[in-house]
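All remarks here apply to the structure that follows.
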Amino acid sequence: MKSEKVLAARIDAAKRAIAALGDMRPGHLSVQRREGGKDGRGYAQLSYTFQKRGRTDYVQPEDVERIKSEIANYRKFKGLCERLVALSIEESKRKTGRRRKADDAGRSRS
């Protein structure tokens, strides 16, 4: 198992990384084509789920790069949250193990 200091440092690093993220939003950006359209150009569409409801938004061409960046930040956020939870579980198990050892040591003295 990792030392307490290393574990605490990794938890702090994950928290700082989450705090440093900019704007974010969930979803997937895709290009849709109009059927029978003369010009053949597509339009950007953002699909996402929020509060257990599927949603779709059209994205203006000038907003596509910003939306891509927000989606990337959201994916980073989800990964960092999973890392933070895993580290927190490990820290909790370590604390529980220390308490059990102390309790066992106290019982053996009695």
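Side-chain atoms are counted along with the backbone in the values below, which use heavy atoms only and exclude waters and symmetry mates. Here the structure is a predicted model, which means the values were calculated and not measured.
Closest approach of Gly22 to Asn73, counting heavy atoms only: N-ND2, 3.7 Å. When all heavy atoms of Ala44 and Leu29 are compared, the closest pair comes out as CB-CD1, 4.3 Å. The shortest heavy-atom contact between Val31 and Gly42 is CG1-CA, 4.0 Å.
The salt bridge (charged side-chain N to carboxylate O under 4.0 Å, His left out) search around Asp63 returns Arg66, not counting sequence neighbours. Judged as a side chain to side chain donor-acceptor pair (under 3.5 Å), and not counting sequence neighbours, Arg55 has no contacts.
Residues Leu21 and Leu84 are members of one and the same hydrophobic cluster, defined by side-chain heavy-atom contacts under 4.5 angstrom among Ile, Leu, Val, Met, Phe, Trp and Tyr. Following chains of ILVMFWY side-chain contacts shorter than 4.5 Å, one can reach Tyr74 starting from Ile18, so the two form part of one hydrophobic cluster. Criterion: ILVMFWY side-chain heavy atoms under 4.5 Å apart, direct or through other members. Under it, Met24 and Leu80 are part of a common hydrophobic cluster. Under the 4.5 Å side-chain heavy-atom criterion for grouping Ile, Leu, Val, Met, Phe, Trp and Tyr, Ile67 is not connected to Phe77 through any hydrophobic cluster. When hydrophobic clusters are built by joining Ile, Leu, Val, Met, Phe, Trp and Tyr residues whose side-chain heavy atoms come closer than 4.5 Å, directly or via intermediates, Val59 is grouped together with Phe50.
Heavy-atom neighbours of Gln32 CD from other residues, nucleotides or ligands within 6.0 Å: above the threshold of 12.
We find the CZ-NZ distance between Arg10 and Lys5 to be 15.5 Å, quoted to the nearest 0.5 Å. Distance CG/Leu87 to CD/Glu91: 8.5 Å, rounded to 0.5 Å. In this structure, Lys15 NZ and Ser88 OG are separated by 6.5 Å, a value rounded to the nearest 0.5 Å.
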With side chain to side chain contact (heavy atoms under 4.5 Å, CB included) as the criterion, how do Thr56 and Gln45 come out once you've worked through the C-alpha distance, each side chain's angles and the decisive distance to 0.1 Å? CA-CA 7 Å; Thr56 302; Gln45 182 178 13; 2.4 Å; yes

Before giving the answer on side chain to side chain contact (heavy atoms under 4.5 Å, CB included), spell out for Asp57 and Arg25 the whole-Å C-alpha distance, their side-chain angles and the decisive distance to 0.1 Å. CA-CA 12 Å; Asp57 293 335; Arg25 67 183 303 159; 3.4 Å; yes

Decide side chain to side chain contact (heavy atoms under 4.5 Å, CB included) for Leu46 and Tyr58; before the verdict, give the C-alpha distance in whole Å, the side-chain angles of both, and the deciding distance to 0.1 Å. CA-CA 6 Å; Leu46 177 69; Tyr58 296 106; over 6 Å; no

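A salt bridge does not link Glu90 to Lys93: none of the charged nitrogens lies less than 4.0 Å from a carboxylate oxygen.
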